[in-house]
Number of protein chains: 2
Amino acid sequence: MKKYIKTLKKCRLFEAVDDESLLRMLTCFGAKVEIFDKKYTIFAEGSPAKYIGIVLSGSVQIIQLDYYGNRSILSEVRPPEMFAEAFACTETPSLPVSVIADEPSEIMLIDSTHILHTCQNHCGFHQQLIYNLMKDLAAKTILFHQRIEITSKRSTREKLLAYLLMQSKKQNSASFEIPFDRQELADYLEVDRSGLSAEIGKLKKEGLLDCRKNHFVLL
Amino acid sequence: MKKYIKTLKKCRLFEAVDDESLLRMLTCFGAKVEIFDKKYTIFAEGSPAKYIGIVLSGSVQIIQLDYYGNRSILSEVRPPEMFAEAFACTETPSLPVSVIADEPSEIMLIDSTHILHTCQNHCGFHQQLIYNLMKDLAAKTILFHQRIEITSKRSTREKLLAYLLMQSKKQNSASFEIPFDRQELADYLEVDRSGLSAEIGKLKKEGLLDCRKNHFVLL
DNA sequence: GAAAGTCTGTTGAATTTTCAACAAAAAGGA
DNA sequence: TCCTTTTTGTTGAAAATTCAACAGACTTTC
């Protein structure tokens, strides 16, 4: 487990936890690390929410598939972020999303029962973990608000611009990479892929934008 | 404050807190109750997130307004639910949403600093409040997922049906009231109002649906 | 390095949504 | 009760999105 310490310490879940305590916790929680190939389904929609996942390397996507197979990408999760924590914390009997490895990834899985229910009063760090989870969930809520601000726009053009502006702001540069290919971006913005490609083309022609693959520059 | 105890005890924030401690906390937190008229802006977008709000009576809406004045309704909050807790917990400098009274409402405002930062170790109930906040935020996250599941549908018809099915499920009956008028429903589903009215008309004609004002019956 | 597979941009046609405008119905105020 | 205001359903025209299909560019695999 030691080789993961550096990443884990950056994870919000373990904020203000020292190395030694962290290692002890991992043992106590029965934390395990699994490796998933690209496109592998880590959690399937409908399965019970038992584990909190932490991305140690690689990246995963949180997606919803509707009845017709249309995909919505809710978010992309990278090290040292966690996922499925909201479902684990409410002990949801059936996950409403799937989690897919976007590339070969090392994932730490922690049975949430250990965090929520055990040593409620004995372990001093237990309180810290609850606090950290609370902070993390609040931050995730804000991310949802941002996504809704983007997807609530009515046109492909507005969604795209809102997304790119937000990425630019987040990465503090007019020149930045996005974590999606065209189809994925369409599934995140909830628009048609071909319409999205057309819109990117228009913006280029209008001189508002330059892009090569995943690299965008706002002009 | 005593007259609010009954409602407050049902609020997730005060889960597992006894009456006496609750009253003491309210004093210690400097909690205040304010009354807002219908349509009054309780929190304006852009203002700092200082307070957690609890709806004691009436109801409020969480909304986003874009550059052109288009409204998105993110949620409707009723007693004994709270609002703005995610922003308060992250101490967001600028609220990305507005909170509007949907009818005359009594709102309890609690300065979040008291919950997040004081008596971290002295007050036994402090830990309970953090735990309760964590549970609440997890539950809110799941509500967001549900909203996204609805609004990610591509057509007005599908959004409407998904929303009505979810309401029906939530209220455990094929016959139910919704908290929105037509314009509000459109702003929640992120569709055009006239198109929504037309779609409701179609569904009625097809015999899938019956409705009078806010009362719907799925057939 | 060749072949197979995937991703991207383009197209045009069909379908939907949006927008503005209006009248009837309902709600609220005097 | 009457008058005013708000809400709702309808309409038709304009605009945008979706869909299917395809070819070229790019990747991956063997």
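The chains referred to below are lettered A, B, ... by the order of the sequence lines, with proteins before strands, and numbering in each begins at 1.
Side chains of B:T90 and B:T92: a donor-acceptor N/O pair is present below 3.5 angstrom, by distance only. The closest side-chain donor-acceptor pair between A:E76 and A:S59 falls under 3.5 angstrom.
Taking atom CD of residue A:E158 and atom C1' of nucleotide D:dT17, one finds them 14 Å apart after rounding to whole Å. Nucleotide C:dG9 holds its P atom 11 Å from the CG atom of A:N214, rounded to whole Å. When rounded to the nearest whole Å, the span between CG of A:D187 and C1' of C:dT8 equals 15 Å. Taking atom CD1 of residue A:I200 and atom P of nucleotide D:dT17, one finds them 13 Å apart after rounding to whole Å. In this structure, the CZ atom of B:R182 is 13 Å from the C1' atom of C:dA25, given to the nearest Å. Rounded to an integer number of Å, the gap from B:D181 CG to D:dT5 P is 19 Å. Remark: C1' of C:dT8 and CG of A:L196 are 10 Å apart, rounded to the nearest angstrom. For B:Q183 and C:dA25, the CD to P distance is 21 Å, given to the nearest whole Å.
Using a cut-off of 4.0 Å between Lys/Arg side-chain N and Asp/Glu carboxylate O, B:D210 and B:K204 are scored as not salt-bridged.
Aromatic ring centroids of A:Y188 and A:Y163 lie under 6.0 Å apart.
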Could you list the donor-acceptor pairs under 3.5 angstrom formed between side-chain atoms of residues 195-202 of chain B and any protein atom two or more places apart in sequence or on another chain?
residue: B:E199; atom: OE2; partner: B:R157; partner atom: NH1; Å: 3.2

Per-nucleotide protein contact along nucleotides 24-30 of chain D, 5' to 3', at a 4.0 Å heavy-atom cut-off (B base, S sugar-phosphate only, - neither), is ---S---

Protein-proximity profile, nucleotides 15-21 of chain C, B/S/- by nucleotide at the 4.0 Å heavy-atom cutoff, equals --SSBBB

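Residues satisfying the side-chain contact (heavy atoms from CB on, under 4.5 Å) test with B:I35, not counting sequence neighbours, are B:E106. For A:F176, there are no ring-ring contact (aromatic ring centres under 6.0 Å, His included) partners at least two apart in sequence or on another chain. In this structure B:K135 satisfies the salt bridge (Lys or Arg N to Asp or Glu O under 4.0 Å) test together with A:E91, sequence neighbours excluded.
When the shell of 6.0 Å around CZ of A:F180 is examined, it contains more than 12 heavy atoms from other residues, nucleotides or ligands.
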